There are 2 protein chains.
Amino acid sequence: MPAPPTIKEIARRLNISASTVSRALHDHPSIGLRTKMRVQQLAAELKYEPNQTAIFFQQRKTFTIGVILPELSEAFFSAAISGIEDMAGRHQYSVLMGQSHDEEEREKQIVGTMKKHRVDGLIISIAKNTKDYSHFVSLQQAGIPTVFFDRIPNLADIHYVACDMVSGTVQAVKFLLSKGHRVIGMINGPEKLLASRQREEGYIKAMQKHRLKYDPTLVVSSDLTREGTDKAMSKLLSQKRVPSAIVAFNDYVALDAVQFAMKKKYKINEDLTFVSYANLPINHYTAFPPMASVEQFPYIQGQRATEALLEILSDPSSPWKKITLESQLVIHTP
Amino acid sequence: MPAPPTIKEIARRLNISASTVSRALHDHPSIGLRTKMRVQQLAAELKYEPNQTAIFFQQRKTFTIGVILPELSEAFFSAAISGIEDMAGRHQYSVLMGQSHDEEEREKQIVGTMKKHRVDGLIISIAKNTKDYSHFVSLQQAGIPTVFFDRIPNLADIHYVACDMVSGTVQAVKFLLSKGHRVIGMINGPEKLLASRQREEGYIKAMQKHRLKYDPTLVVSSDLTREGTDKAMSKLLSQKRVPSAIVAFNDYVALDAVQFAMKKKYKINEDLTFVSYANLPINHYTAFPPMASVEQFPYIQGQRATEALLEILSDPSSPWKKITLESQLVIHTP
DNA sequence: TTAAACCGTGCAAACGTTTGCCTATCCAAA
DNA sequence: TTTGGATAGGCAAACGTTTGCACGGTTTAA
């Protein structure tokens, strides 16, 4: 491993100055054709590659964006990161990765690393139990543009990309109504989550539009564990008005709920129809998938977040990006 | 965004030299306690953060490892990258990501970017249709240690981590034999793949151990598309000896095969038992998952690859790492 | 009392690249 | 012959940090 060739080296060999070499390599107009050729040829011969670390340092810019996600191995996030990487790559940006494992401490630490690496900007989906936002504020102070994505903190002036669950939920409930269901249950998530509130809002909205009265006992909440879902299900199925269809908070919940219902001898999607929110790529394959899923387009969200960030980077005075994608019901045709 | 504080700035304010500040910040023994304190206090006040880009440049080391994978959104790879990130993070390394989308061109381009970024080392799972390895050779020339992982190129002197499918296949076939199956089919992948050869080898080995003769007509191959799998299945099910159990190349193939079999009114895991190789995290949830899966531990593979790379980085003279993990049969208890 | 040892600090170079400004040469127009 | 403008290229500083070496001062041992 001989030291890689540098501009200086080329300059020395050609008996010209480093600045000339640099300009020649960049096709600067004030360099004569002769020298330009000589430089470029020698550079090719030596397989010269610019030392980006030097350039990053000198330009105070790294052409790198940091991405902090809760869990890289979750289908939703890995789709998102795929979108991020594609869009970033298309614009010659690199992607630095970190996963918080939904822990606030780790998240703060990664933010620190990213800051030290002098990433040009960040895309973050915050950890579940992050309560303190000081590390995000410090990013603002440091002048590192940040686009939040999917899980966004409750702060005033931020850029974000998120997916509105209201519209998707309205579609989901309407779909069930159109299939003749009149008693529709919902297994929602923890009440403090924005995602939960949006789902409930959509549920109510759809019912009202159809001039049906909203029965709160049909909306139960699960802590998203299997036990929580089992509890929610047994509550739902033991009430006076037993639903003929259920909207589940997400695919994991739906699958738990399906298993519960199967144990109770319900015929899935006959006695009891399920609709869910997609995070698993499996509907194709499961024997009793939900009949329809509200799709959140993680890949596209990732792309849009990256796009937004790149725009901010090229125009730092650009206004707050508040991008909301519409979720959309996808009906599974078996 | 005022310019972030630098060592120079601290030095100026304290009327001492930059070198003293640098040393004080690093707890260098030759700096007096008084100055050390003063420096560290001011640094804290100013929220000084070392400019890593300067350090990277100066140290010719970036504490960054590059990862190039075919597809970030595939469950197998996203699990792997999770392992990589965890292990890297534990050692204060960052991870730079790239996905090749299984295209040779893109792969080469990413290798170039990684080189320019001066990553300390690389972990690569090569693209399906990469035929030309020159970009990998150039990495060697540039002195960038590279650990290949799962999909490894056919080159002599390389580091790699892979998972041996032979042992897992032997276990899988044994498992089926122990369940009383005597006619066991296999849907294998394209014959040129190492992965396919290993599966067949395992199949034969297991049969021989049980003094059963190897019937080649029971091993058919699919191009891994649904159509290919359907074709393979219909071949398998229309022969004289119809298998009562099938070993499928992977989960995707297995699920396609299951659907095919269901259409033909087979009762899954009763008339026809399936065993597969895991790449989906869904066995828990599917109604008719394979009865068992050969697990390849992508997360662990990722970790081990990273471990290996870190060792190489700390001891560049270390010998070629050729790490083979044993695959292992996991029996799904419903 | 002198020399040696030690302590705390500063100097300056180096890492590779870019860029504002200056200079030298040449040619043409006045 | 002077002026003036291209044209082609060099100088040097700057980015922030680290580190080998030297320096002046104080203490310690002989």
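Treat the numbers as computed from the prediction; the structure is a model and nothing was measured.
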Worksheet entry | Among dT18(D), dC11(D), dG16(D), the nucleotide that comes nearest once only the side chain of Phe57(B) is considered | dG16(D)
Fill in: Shortest side-chain distance from Ile16(A), nucleotide among dT18(D), dG10(D), dG10(C)
dG10(D)
Worksheet entry | Arg151(B) (side chain) donor-acceptor with Ser125(B) (main chain) under 3.5 angstrom | no
Discussion item. Distance check, rounded to the nearest 0.5 Å: Met87(A) atom CE versus Arg304(A) atom CZ?
Written reply: 9.0 Å
Item to complete: Tell me whether the OP1 or OP2 atom of dT19(D) has a side-chain N or O from Ser19(B) closer than 4.0 Å.
Response: no
Practice prompt. Check if the side chain of Arg23(B) and the base of dG10(C) share a donor-acceptor pair of N or O atoms closer than 3.5 Å.
Written response: yes
Item to complete: Between dT17(C), dT18(D), dC11(D), spot the one nearest the side chain of Ile55(B), thanks.
Response: dT18(D)
Practice prompt. Would you indicate which nucleotide in dT9(C), dC15(C), dG10(D) comes nearest to any side-chain atom of Ser30(B)?
Written response: dT9(C)
Worksheet item: What orientation do Trp320(B) and His159(B) show, parallel under 30°, tilted 30 to 60°, or perpendicular over 60°?
Response: tilted
Discussion item. On DNA chain C, compare the nucleotides closest to Ile31(B) and Thr6(A); which residue's is nearer the 5' end?
Written reply: Ile31(B)
Practice prompt. Compare side-chain N and O positions of Thr35(B) against OP1 and OP2 of dT9(C) and report whether any pair is under 4.0 Å apart.
Written response: yes
Worksheet item: What orientation do Phe56(B) and Phe63(B) show, parallel under 30°, tilted 30 to 60°, or perpendicular over 60°?
Response: tilted
Discussion item. I want to check one thing: is the phosphate of dG10(C), taken as OP1 and OP2, less than 4.0 Å away from some side-chain N or O of Ser17(B)?
Written reply: yes
Worksheet entry | Nucleotide nearest Gln58(A) (side chain, heavy atoms from C-beta), chosen from dT9(C), dT19(C), dG16(C) | dG16(C)
Worksheet item: Given dC15(D), is OP1 or OP2 found less than 4.0 Å from the side-chain N or O atoms of Lys8(B)?
Response: yes
Worksheet entry | Length of the line joining Tyr48(B):OH and dG16(D):P, which is rounded to integer Å | 10 Å
Worksheet item: What's the closest nucleotide to the Arg60(B) side chain, out of dC15(C), dT18(C), dT18(D)?
Response: dC15(C)
Worksheet entry | Nearest-angstrom distance from the residue atom CG of Leu25(A) to P of dG16(C) | 15 Å
Response to the item:
Checking dT18(C), dT9(C), dT19(D) against the side chain of His26(A) (C-beta onward), the nearest is dT18(C)
Practice prompt. For dT17(D), take OP1 and OP2 only and decide whether either is under 4.0 Å from a side-chain N or O of Ser22(B).
Written response: no
Practice prompt. Without swapping roles, check the side chain of Gln99(A) against the backbone of Leu72(A) for a donor-acceptor pair under 3.5 Å.
Written response: yes
